[in-house]
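Here the structure comes first, spelled out in structure tokens, and everything after it is commentary.
Model, not experiment: these values are computed from the prediction. Just so you know, these numbers use all the heavy atoms, side chains as well, and skip hydrogens, waters and symmetry mates. Labels below follow one simple rule: chain letters A, B, ... track the order of the sequence lines, proteins then strands, and each chain is numbered from 1.
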Number of protein chains: 2
Amino acid sequence: MPHPKGAWAPEWAGDRVQRRRLSTDAIVAAGLELLAAEGIDAVTMRAVAARLGTGPASLYAHVRDKQDLHELMLDAVFAEVHVPDPEPERWQEQLKEAIRSVYEALARHPGIAMVNMAHIPLGPNALRCSERLLRICLAGGLTEEMSGLCVDLLTLYPTAVAVEDAIWYERGKRSDWMNSEQAVIGRLGDYFGSLPGEVYPTIRAMAPFLLAGNGQDRFEFGLAVLIAGVDALKSWRPQPSSSDPERVVGRH
Amino acid sequence: MPHPKGAWAPEWAGDRVQRRRLSTDAIVAAGLELLAAEGIDAVTMRAVAARLGTGPASLYAHVRDKQDLHELMLDAVFAEVHVPDPEPERWQEQLKEAIRSVYEALARHPGIAMVNMAHIPLGPNALRCSERLLRICLAGGLTEEMSGLCVDLLTLYPTAVAVEDAIWYERGKRSDWMNSEQAVIGRLGDYFGSLPGEVYPTIRAMAPFLLAGNGQDRFEFGLAVLIAGVDALKSWRPQPSSSDPERVVGRH
DNA sequence: ACCTGAACACCGTTCAAGT
DNA sequence: ACCTGAACACCGTTCAAGT
């Protein structure tokens with residue numbers, strides 16, 4: 001009893017449901033679903049293809065390789081980032097809002113942050129984000145030199161924290177016991193307490209401060225340090241020479 | 001013509017050269033050699049085993065798994081980090097020296113930085129480093145709360161930059177053309193220049209500043225921002241309430 | 001206790017062949 | 001142009017068996 005393809009189903013079903021054509025967008029969407037469901041390690045060419053009802057080789061017509069797929073997914077995530085319009089007098093708070101937004105978007109898709117670290121993101125959504133960050137810096141009165149370097153530095157921070165988060169998240173999914181934030185902090189406290197006091201007296205004494213705060217608190221702390229530093233160096237220019245006007249005037 | 005194992009070599013060669021026993025240290029050393037020669041992706045259980053003249057299964061008697069091996073390699077790298085003894089009046093410069101030293105050690109072994117991001121490093125050498133960082137912070141007059149949070153933040157920065165470096169390094173090894181720093185900056189400049197001016201006017205105008213400086217300059221810039229921020233928040237304590245003395249006095 | 005070969009269940013990517 | 005099955009050259013880890 002031969003069983004020709006599709007003979008068991010009416011033609012319209014094959015056309016409308018089964019025969020959805022592959023496309024870059026569909027592949028990126030499937031990748032993001034897989035990322036949400038099973039983490040970045042599960043976003044393999046094979047798994048994405050399987051989710052679309054095909055084999056891995058079919059994806060290569062729409063996507064250069066796995067790295068390319070990951071970059072496309074990253075730019076889709078950058079679409080969720082909101083960077084406010086410049087209000088010059090509160091540039092510091094606006095930069096904080098923007099960096100929080102980058103962090104939240106990356107954190108909403110655990111695992112994608114590493115991709116942001118691995119590439120200078122050049123997709124349209126990432127560029128829009130940089131464009132608007134630059135405007136806030138310049139409106140705030142930072143030098144052009146500062147502004148140019150700040151965009152990178154300010155983006156690196158939420159990315160790095162999100163990478164750390166994702167690793168903990170991944171680990172927590174694999175085994176629920178022992179890996180909750182509380183459990184880890186508890187064991188770390190015990191560990192620090194058990195260290196030889198002659199070798200690590202400061203770590204022992206400072207253990208409560210080393211373990212203080214949750215992830216949110218620690219993120220906000222780093223953010224406060226960064227923006228305070230940017231403010232302090234607001235007028236920074238590279239390698240001011242000894243002919244710098246202020247210095248010369250200062251000597252009068 | 002059968003060819004029994006070792007029949008072509010004198011017995012003493014087999015005993016003295018071939019039969020070196022496996023040990024955790026030997027495995028870690030082989031891992032670091034492989035890392036230097038071929039990058040972190042080449043540090044597979046199979047390749048490390050092959051370098052030691054055995055099969056992958058043999059390593060599992062000395063090392064829990066691949067992650068464990070990577071952590072052991074990381075602590076070996078932390079042995080190269082130098083953190084100076086505290087001199088209270090120049091704590092800022094000392095923190096910079098320490099962070100540079102972390103960065104340099106990680107950069108000397110491209111690829112290992114990711115391991116530092118994936119774990120709270122708890123090996124003896126990493127702990128010694130934290131211990132000494134803490135001492136500098138406290139000697140400099142930072143609050144205990146600040147000092148505790150600073151160690152993490154200050155370590156995250158060189159680690160994140162080293163992760164980025166390693167990815168570029170890896171890419172440069174694969175194909176020498178198109179991936180040198182100069183070539184990438186050149187193409188990025190072209191790309192920014194080709195962007196539609198109505199959508200990305202600031203990026204277009206700021207292109208030279210976005211691409212300014214080499215890796216070293218950019219690292220030093222971030223370091224300056226960080227330490228300036230730490231200095232500005234020197235007396236920081238978590239969530240100061242409205243009963244904060246200075247605020248009350250300020251109203252008089 | 002330490003080491004081994006073989007096997008299991010995976011990868012990314014290529015390629016000739018189909019439509 | 002797009003899609004496919006099959007193959008290639010790899011992985012990490014487990015396990016029974018050896019010493």
Side-chain angles (χ1 to χ4, degrees), chain A residues 3-7 11 14-15 17-28 30-31 34-35 37-73 111 114-115 118-119 167 170-171 174-175, chain B residues 4-6 11 14-15 17-28 30-31 34-35 37-73 111 114-115 118-119 167 170-171 174-175:
Chain A
H3 194 298
K5 228 182 207 174
E11 291 171 23
D15 281 348
V17 179
Q18 269 186 295
R19 281 277 161 213
R20 252 222 270 85
R21 291 197 58 84
L22 238 40
S23 71
T24 305
D25 282 354
I27 293 170
V28 170
L34 219 38
L35 178 70
E38 308 190 47
I40 189 75
D41 288 342
V43 185
T44 65
M45 297 302 267
R46 296 176 119 90
V48 170
R51 174 167 276 258
L52 294 168
T54 182
S58 303
L59 307 183
Y60 287 83
H62 305 273
V63 146
R64 197 169 44 246
D65 54 18
K66 194 174 116 172
Q67 236 185 83
D68 188 38
L69 169 57
H70 285 174
E71 287 181 67
L72 291 167
M73 288 166 60
M114 191 56 226
V115 180
H119 299 93
I167 290 159
E170 207 77 27
R171 215 171 284 169
R174 260 194 281 282
S175 64
Chain B
K5 230 181 206 173
E11 290 172 24
D15 279 348
V17 178
Q18 272 186 290
R19 282 273 162 217
R20 254 222 268 83
R21 288 192 70 76
L22 239 39
S23 70
T24 305
D25 283 353
I27 292 170
V28 170
L34 220 37
L35 179 70
E38 307 190 49
I40 190 73
D41 288 342
V43 185
T44 65
M45 297 301 267
R46 296 175 119 89
V48 170
R51 176 167 276 259
L52 293 168
T54 182
S58 304
L59 306 183
Y60 288 82
H62 301 92
V63 147
R64 198 168 46 245
D65 53 19
K66 194 175 117 172
Q67 234 185 83
D68 188 37
L69 169 57
H70 286 173
E71 287 181 66
L72 291 167
M73 287 165 62
M114 190 57 227
V115 180
H119 300 93
I167 291 160
E170 207 77 28
R171 215 170 285 169
R174 260 195 281 282
S175 64

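One atom, CG of A:L52, and another, C1' of D:dC2, lie 15 Å apart when rounded to the nearest Å. Rounded to a whole Å, the CG atom of B:L59 is 13 Å from the P atom of D:dC11. In this structure, B:E38 places its CD atom 14 Å from C1' of D:dC10, rounding to the nearest Å. In this structure, NE2 of A:H70 is placed 11 Å from C1' of C:dG12, rounded to the nearest angstrom.
Of the side-chain N and O atoms in B:H62, one or more sit less than 4.0 angstrom from OP1 or OP2 of C:dC3.
Looking at heavy atoms from C-beta onward, B:I40 lies in side-chain contact with B:H70 at the 4.5 angstrom threshold. Contact of the B:M73 side chain with the B:L34 side chain is not registered, since no non-hydrogen atoms from C-beta on lie closer than 4.5 Å. The closest side-chain heavy-atom distance from B:M114 to A:M114 is below 4.5 Å.
Distance check, rounded to the nearest 0.5 Å: CZ of B:R64 to CD of B:E71 gives 7.0 Å. Annotation: the span from A:D68 atom CG to A:L59 atom CG amounts to 11.5 Å, rounded to 0.5 Å.
For C:dA9 and D:dA9, the P atoms lie 22 Å apart once the distance is rounded to whole Å.
Considering only residues two or more places apart in sequence or on other chains, A:D65 meets the salt bridge (charged side-chain N to carboxylate O under 4.0 Å, His left out) condition with none of them. Considering only residues two or more places apart in sequence or on other chains, B:H62 meets the side chain to side chain donor-acceptor pair (under 3.5 Å) condition with none of them.
Base contact: A:S58 has a heavy atom under 4.0 Å from a base atom.
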Practice task
Mark up nucleotides 13-19 of chain C, 5' to 3', with B wherever a protein heavy atom is under 4.0 angstrom from a base atom, S wherever such an atom reaches only the sugar-phosphate, and - elsewhere.
Solution key: BBB----
Would you tabulate the side-chain donor-acceptor contacts of residues 42-57 of chain B under 3.5 Å, counting partners in other chains and residues two or more places apart, or write 'none'?
residue, atom, partner, partner atom, Å
B:T44, OG1, B:A47, N, 3.0
B:R51, NH1, B:E33, OE1, 2.5
B:T54, OG1, B:S58, OG, 2.8

Practice task
Can you run through DNA chain D from 5' to 3' and write each base as (, ), [, ], | or . depending on how it pairs? Watson-Crick or G-U wobble, both distances under 3.5 Å.
Solution key: ||.|||||...|||||.||
